[in-house]
Number of protein chains: 2
Amino acid sequence: MLMNTETTLKTTDVRENILATGQRIMAGKGFSAVGLNEILATAGVPKGSFYHYFGSKDAFGEALLDHYFEHYLAELDEMLRQPNKTMAERLISYWQKWEENQSFFDCQGKCLAVKLGAEVADLSETMRLALKRGTKGIIDRLAQAIEAGTADGSLSIKGSAHDNAESLYQLWLGASVMVKIGRTTHPFEIAMKTTRQILHLSA
Amino acid sequence: MLMNTETTLKTTDVRENILATGQRIMAGKGFSAVGLNEILATAGVPKGSFYHYFGSKDAFGEALLDHYFEHYLAELDEMLRQPNKTMAERLISYWQKWEENQSFFDCQGKCLAVKLGAEVADLSETMRLALKRGTKGIIDRLAQAIEAGTADGSLSIKGSAHDNAESLYQLWLGASVMVKIGRTTHPFEIAMKTTRQILHLSA
DNA sequence: GTTTGTATTAGACCGGTCGTCTAGAAACGA
DNA sequence: TCGTTTCTAGACGACCGGTCTAATACAAAC
């Protein structure tokens with residue numbers, strides 16, 4: 001069957017709607033604590049439709065993560081392409097954005113790697129692999145940016161660019177968990193200080 | 001009714017048993033994904049007994065975390081009191097132990113701060129506060145150790161001891177999440193390198 | 001040995017879980 | 001127009017969730 005444009009649009013809209021709603025809810029409550037019912041009721045989609053678009057809750061989780069990282073990486077790419085800035089400045093603006101998005105007051109942070117990482121990695125192999133793909137994408141881009149930063153002279157590091165990228169990502173991941181636990185953004189300030197130290201930027 | 005010693009022992013044993021079993025299972029599957037049934041069946045305690053020892057699943061979670069951190073902090077204290085070692089060596093041995101305990105092959109890591117932090121912080125206020133108390137205990141001890149390390153000359157830092165302690169804890173927390181996601185201990189090697197760099201230890 | 005009172009347990013309870021399934025509506029091609 | 005496929009609708013089943021009440025087990029007191 002060939003669908004016309006309208007149908008195609010509507011169909012992907014429903015799917016997208018379930019995905020977006022699920023992302024919002026699960027970013028707050030986690031994976032296991034949320035039932036399909038809640039997502040579907042909120043999205044205004046009947047239960048019967050769900051299994052047309054997704055094979056299972058597990059498969060839905062995988063799609064959710066892929067969908068999330070796709071947008072995330074696109075935004076990150078844009079961030080690291082900002083004109084009239086040094087690579088170091090671009091990187092710092094990425095972490096500033098992290099601070100804003102992950103702060104607890106606006107619906108308790110939106111980063112799915114932070115929220116679902118530890119919970120889901122031991123629970124579902126497919127979701128674990130989606131998480132792995134996504135975080136690899138982030139770290140690879142950071143590594144490339146750090147490499148470029150050493151080239152344009154705006155930062156300097158000890159050891160390889162990739163190792164530093166991993167380390168910095170770990171640092172911010174952990175900081176995000178601590179922000180959730182403490183309900184203060186102070187961990188982010190600490191992480192930013194350490195980040196500048198590692199990249200040898202002016203304090 | 002006055003209980004004799006035997007009864008008292010048995011009672012606390014049952015409680016301890018539920019706690020220990022719950023810790024083992026939840027360290028693997030998380031909080032929401034585990035039902036009381038599973039814990040109680042594994043522990044060999046009848047379902048009806050649960051509410052004699054704990055007020056609710058939430059209260060159980062709080063007790064679980066308190067119980068866990070109590071042991072954790074005692075072990076940490078011991079670690080940081082090892083004789084014939086510099087403070088820097090004691091700290092490094094703590095993180096080496098972290099690597100061992102949190103590596104994925106032995107029942108997927110045992111650190112509850114890692115496993116439950118992000119999941120539970122937005123779910124239950126009492127559990128969040130237990131997590132906050134516990135992690136504060138860890139960071140305070142690390143800060144004190146770092147302070148002592150600068151005094152005995154075995155390490156040196158930039159900025160305050162407490163800030164460095166927070167940063168290092170964040171780093172290792174994030175590294176543990178990445179270990180879960182990637183099923184490699186490589187993040188720990190990276191974290192160790194960065195740790196040595198921050199504390200100005202020989203590579 | 002019976003009574004008393006508490007520590008502990010068994011199991012019912014209701015609501016929610018994921019996932020299935022049947023029917024029908026809607027959108028297309030011929 | 002019809003026939004076919006895509007999508008929607010929501011009842012349904014089997015099961016599991018946390019919670020609570022009513023009954024038991026059992027030590028102490030008399």
Side-chain angles (χ1 to χ4, degrees), chain A residues 1-22 25-26 28-65 116 119-120 123-127, chain B residues 1-19 21-23 25-26 28-65 116 119-120 123-127:
Chain A
M1 171 220 191
L2 289 176
M3 292 185 291
N4 66 14
T5 316
E6 200 187 322
T7 310
T8 308
L9 244 171
K10 201 201 159 205
T11 291
T12 61
D13 270 3
V14 171
R15 212 187 112 99
E16 194 79 10
N17 185 15
I18 302 178
L19 245 15
T21 309
I25 297 178
M26 283 182 169
K29 299 198 193 177
F31 184 75
S32 298
V34 176
L36 266 10
N37 276 335
E38 182 179 356
I39 295 172
L40 295 170
T42 307
V45 173
K47 184 129 174 221
S49 295
F50 178 84
Y51 284 87
H52 177 70
Y53 295 101
F54 306 99
S56 66
K57 193 189 183 186
D58 198 278
F60 172 68
E62 189 192 1
L64 194 72
L65 288 168
L116 301 183
E119 179 189 356
V120 136
L123 213 65
S124 149
E125 190 65 6
T126 54
M127 291 184 77
Chain B
M1 172 219 189
L2 289 176
M3 291 186 292
N4 64 15
T5 316
E6 200 186 322
T7 312
T8 309
L9 243 171
K10 201 203 158 204
T11 291
T12 60
D13 270 3
V14 171
R15 212 187 111 99
E16 195 79 9
N17 185 15
I18 302 176
L19 244 15
T21 309
Q23 181 175 323
I25 298 179
M26 282 182 170
K29 299 197 192 176
F31 184 74
S32 299
V34 176
L36 267 10
N37 275 337
E38 182 178 355
I39 295 172
L40 295 169
T42 307
V45 173
K47 187 165 179 182
S49 295
F50 180 83
Y51 283 84
H52 177 69
Y53 296 100
F54 306 98
S56 66
K57 193 189 183 186
D58 199 278
F60 172 68
E62 190 193 2
L64 193 72
L65 289 168
L116 301 183
E119 179 188 357
V120 135
L123 214 64
S124 149
E125 189 66 6
T126 55
M127 291 184 76

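Worth knowing before you read on, the calculation uses all heavy atoms, side chains too, and leaves out hydrogens, waters and symmetry mates. Below, chains carry the letters A, B, ... as their sequence lines are ordered, and counting in each starts from 1.
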Please round to the nearest 0.5 Å and tell me the distance separating atom CG of B:L116 and atom CG of B:L65.
6.0 Å
Salt bridge (Lys or Arg N to Asp or Glu O under 4.0 Å): pairs with one or both residues in residues 33-53 of chain A, sequence neighbours excluded
A:K29-A:E38
Chi angles and distances behind the side chain to side chain contact (heavy atoms under 4.5 Å, CB included) call for A:F54, A:I18:
CA-CA 10 Å; A:F54 306 99; A:I18 302 178; 4.0 Å; yes
So which protein N/O to nucleotides 23-25 of chain C N/O distances come out below 3.5 Å?
none

Which whole-number value in Å describes the distance from A:L40 CG to D:dT8 P?
11 Å
Do nucleotides 13-19 of chain C as a string where each nucleotide becomes B, S or -: B if the base has a protein heavy atom under 4.0 Å, S if just the sugar-phosphate does, - if no protein is that close.
----SBB
Specify the separation, in whole Å, of atom OH of A:Y53 and atom C1' of D:dT8.
9 Å
Pairs touching residues 51-64 of chain B that satisfy salt bridge (Lys or Arg N to Asp or Glu O under 4.0 Å), sequence neighbours left out:
B:E62-B:R133
For B:T21, all residues meeting side chain to side chain donor-acceptor pair (under 3.5 Å), sequence neighbours excluded
B:N17
Does C:dT9 have its OP1 or OP2 closer than 4.0 Å to a side-chain nitrogen or oxygen of B:S49?
yes
Is the side chain of A:E119 donor-acceptor paired with the backbone N or O of A:S32 at a distance under 3.5 Å, no angle test?
yes
Using a cut-off of less than 4.0 Å, is there contact between a side-chain N or O of B:H52 and OP1 or OP2 of C:dA7?
no
Which residues satisfy the ring pair (Phe, Tyr, Trp, His ring centres under 6.0 Å) test with A:F31, sequence neighbours excluded?
none
Does B:I39 reach the side chain of B:M26, with side-chain heavy atoms less than 4.5 Å apart?
yes
